Structures are given as structure tokens and as C-alpha cells.
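Just so it is clear, the values below take in all heavy atoms, side chains as well, and ignore hydrogens, waters and symmetry mates. In what follows, chains carry the letters A, B, and so on, assigned in the order in which the sequence lines appear, proteins first and then strands, with residues in each chain numbered from 1. Because the structure is a prediction, the values reported are computed rather than measured.
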2 protein chains.
Amino acid sequence: MYVVKVATDTAPRAPLSPAAIVAAGITLADEQGVDALSMRNLARSLGYEVMSLYNHVRNKDDLLTLMVDAVAAEIDLPDPSAPPLVAVRAMAVSTNAALARHPWAAPLWLRQAPGPARMRQMDDLLRLMYASGLSRELAHHGFHAVNNHVLGYTLQRLGMGLEGTDLEDKARDFMAGLDADTYPFMVAHIHEHLDGHTGSSFELVLDLILDGLVRLDREAR
Amino acid sequence: MYVVKVATDTAPRAPLSPAAIVAAGITLADEQGVDALSMRNLARSLGYEVMSLYNHVRNKDDLLTLMVDAVAAEIDLPDPSAPPLVAVRAMAVSTNAALARHPWAAPLWLRQAPGPARMRQMDDLLRLMYASGLSRELAHHGFHAVNNHVLGYTLQRLGMGLEGTDLEDKARDFMAGLDADTYPFMVAHIHEHLDGHTGSSFELVLDLILDGLVRLDREAR
DNA sequence: ACCTGAACACCGTTCAAGT
DNA sequence: ACCTGAACACCGTTCAAGT
């Protein structure tokens, strides 16, 4: 007797694992926004029932922590042959790029406990700051300043992880409520954005911070 | 016949209004954290049923927007007699202070649509930047850099609006997982924090940014 | 005009039962 | 070891009914 395998409408489900769940969570958050990432939705996207997820992941907070750390793992490791502050700059740019690919990650960046990938990234960044020749104290502040700048700009740019539609709706409401008489500078500023003839704020201010640190250090000696 | 007013255990409830609801929401979020701010909890704290809130507030998103704008209203208006960049600095410090008083507000700052108070604050900040003598483009970037710095530092400092207990739990877990061999610089950095002999990063980097803008402008001429 | 009970469509998570 | 149905204690919000 032959048993014929029949193709079902639903794809044969892949076996569940922490890695598979995290990957599916990232895909879901990338495509539908973090608000759509419920345990129930996630389980459905994998072809399982909700409760199966809890065999592989402690709870939703644990899942989010793993997801954020997976994004941190996308950050390029520093080039060991580059001068320290050049490598710092490259890490900042790479972090910014990783956060841009996963808009939902930025608001979770500080909320979730750091996993191994983010620990690695922070340790590398600190090592580079300490190796840069800056004073111990300026290296300390520089670490925060750079982290801060990267995360802050991403948050500003992406509007805190809102999906495209929501963001556009808000932007439209925002523009509609703008009165050029009461908020003249806001209107002017937004036009500068729309005209797009202002360069990349991100790299300009990043360099301003890095150069400022070097200058401050030189002046203090 | 006398009707004697008897003191009840529950205080006589104040009449409901948007302002009263927003104020109660802020108190609740300040005291118990934003996670405890459900419409049901909020209504109970006011002595009403959930659905009564919807007579005065469109929905929860609307409420959060009003709450964030109430925090923005706590920011000092710029001193008109101060030089523009001095006033910018004062606004940054005042904004930082307002966000420190209401830790839940920072993560909502970019997520919620700006209300009149935040519009006012942004317009004032832009006016000051444009009046500072900086080039148009540097004023534009400076606006973002300052906003960014203030919000970013608050988020870092407050760990994204987590309540004290949660934060302390996470900090303890974090420290416990720290291995000085694999993350030597993280361990060193945290000790610098605990020893507390690093000055205020906030004002140092703020000045670094403001001074850097002036210097950049001077060099470009 | 303002308050509210019941209901709807969701959440995250636990627990006991299956295999 | 892994999957899952039922259940619990919550959410935000709508709607119709009260006053």
C-alpha cells in the first residue's frame, strides 16, 4: 500500500526552536510592526498554537530581548587595523544602519536587557574609546555621547518604531495642524526637510562630537 | 427631619474633565509607572467607571498625547534677554529636568503627536537657533542635535521609563551576568559609574555640541 | 450631557492533559 | 520532550440603555 504525500495549502511547518521563533518574530515585526507582534500572531505565522512558544522561550520579554540582541549581532565588528576613533565612527554608522533595517528595535534597545551581542558591541566601543588616546574621563563620556547620538537619531528618524502608515498619517495630521503664523520656524524647518537640501545630520553631528572630544582633550593637557 | 451627611470611606469624587483625567493619568504614571496606566486603573483612581473617560477623551492614544504635552508645558520658556545659544542651553537643561520628573514621558515623546506645548517649545528652540548667528544649515542640524541629545540622555538615564523596581532588578541581573574576562571594559565602565567620580555627562556633551556648532560655523566662513 | 452595564475582540500566561 | 485546549486575569473600545 502506498501512502501518497499530498501538498497541503499550509506549508509544512518547520520544527520549533528559540532561533526559529526569534527569526519569525523579527520578520513579523519588520513587516507588520511591533504592535502586530503578539504571541498569538507569532505562533500562527509559524503554524503552531500560542502555548507551544513557551516551550522554547521563557516569555514575551525574553523573546524581545533575544530579538534585540539579534539586531545587535548585525552590527559590524570594528576593523582592528583602523585607528580607534575611525573604528568608533564606523561602528556608529553600522549600528545606525542595523537599527534602520529594524525600526522596531530602537525603542526596545534600552528597555530590554542587553544580550551577548550588545554586550560585545558595548565592550568593543569602550575598548576603542579607551584606546583612542582620550583621557579616561573623556573616553567615558564619549562612549555615552556616541551611543546616545546613534540611538537618538534613529528614534527621531523613525518616529519610535511606528509603521509606515501610522507615521504618514501622523505626519499629515501634523502638517495640517501647522499654522505658519503661530509656528513660523516649525513650518520653515519642515520645508527645509521636504526640500531635502540639508545634508545628513547624522554624520555631521557624529563628527562634531568626535572632533569635539579630541579638541577638548587637547585643550585640557 | 434632618438629613445627616455621613463621611464615606471613598472621597467624594471630583467632576470629570479632560484636565482632571490628564492630571490623574500623570500622577498614576509618575507613581506606578506607565505600565500601570490602563484606562480601567485610571478610571478607578478617579472614582468612575472606565467608560466615563471616553466622554472626555477620545481614546488612550489621545490621553497619552495630552499627558506628554502637559509635561512639555513644564519646560521653562526661554529668557528673552539671554543670548540665543545661552537660552538654547537653558531650554535643554529645563527639558531634561521635566523629563526626569516624569520618566514615562521620554519614550512617548516621539511616539505621540506633538501638542501645542511641544510645538511652542520646538518653535522657540528653532527661533533661537536661527537667531544665534549660525548658518541656516548649521542651525537646522543644531536643532536636531540638541533635541536628540536631551532625549537620548534622558532615555539612557532612565532606562526607557521603567519603574524603579524593574530597573533595579534588571541592573542586578545585568551585573550578575558580567564577566570581567569577556567584557573587561564594560566592567571597568560600570565601576566608573558606581564610584561616581565622573562628572555630568549631560552638560559636558551639550556644551561640546553647542561649542562645536559655533566652531564649525566660524571655520566655514 | 454625562454615566455605565454588558459585550466584543483581543492580550500574556498557567496548568493539566495529551502524545 | 514537545504540543495544546481550556481557563484566568487582564486589555481598549463600542453600543445601547439609563438619568
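The distance from atom CG of B/N59 to atom P of D/dC11 is 17 Å, rounded to the nearest whole Å. Between A/K60 atom NZ and C/dC11 atom P the separation is 9 Å, expressed in whole Å. Straight-line distance from the CG atom of A/N55 to the P atom of D/dC2: 7 Å, rounded to whole Å. Nucleotide D/dT4 holds its C1' atom 13 Å from the CZ atom of A/R40, rounded to whole Å. The separation between A/D62 atom CG and C/dT14 atom C1' is 17 Å, rounded to whole Å. Atom P of nucleotide C/dC11 and atom CG of A/D35 are separated by 11 Å, given to the nearest angstrom. To the nearest angstrom, P of D/dT14 lies 10 Å from CE of B/M39. Atom CZ of B/R13 is separated from atom C1' of C/dC2 by 10 Å (rounded to the nearest Å).
Ion pairing between a basic and an acidic side chain is recognised when a charged N comes within 4.0 Å of a carboxylate O; A/R89 and A/E203 show such pairing.
In this structure, the side chains of B/Y130 and A/P184 stay at 4.5 Å or more apart for every pair of heavy atoms. Here the side chains of A/N147 and A/Q121 are in contact, with some heavy-atom distance below 4.5 Å.
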Steps toward salt bridge (charged side-chain N to carboxylate O under 4.0 Å, His left out) verdict (A/D35, B/R111): CA-CA 13 Å; A/D35 288 345; B/R111 181 159 210 122; 3.6 Å; yes

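For the strand DNA chain C, secondary-structure stems (runs of at least three Watson-Crick or G-U pairs, all distances below 3.5 Å) span C:4-8 with D:12-16, C:12-16 with D:4-8.
Formation of a donor-acceptor pair under 3.5 Å by the A/N41 side chain with backbone atoms of A/A36 is found in this model. Between the A/D62 side chain and the A/V57 main chain, no donor and acceptor come within less than 3.5 Å of each other.
Along DNA chain D, the nucleotide nearest B/Y54 and the nucleotide nearest A/L16 are compared for position; the residue whose nucleotide lies closer to the 5' end is A/L16.
Within residues 41-52 of chain B, the residues approaching DNA chain C are B/Y48, B/E49, B/M51, B/S52, by heavy-atom distance under 4.0 Å.
Residue B/H56 places its side chain closer to C/dC3 than to any other of D/dC11, C/dC3, C/dG12.
Rounded to the nearest 0.5 angstrom, A/H141 NE2 and B/E192 CD are separated by 9.0 Å.
Residue-environment remark: CZ (A/R101) exceeds the threshold of 12 foreign heavy atoms within 6.0 Å.
A cation-pi geometry, defined here as NZ or CZ lying under 6.0 Å from the six-membered ring centre and within 45° of its normal, holds between A/R13 and A/Y48.
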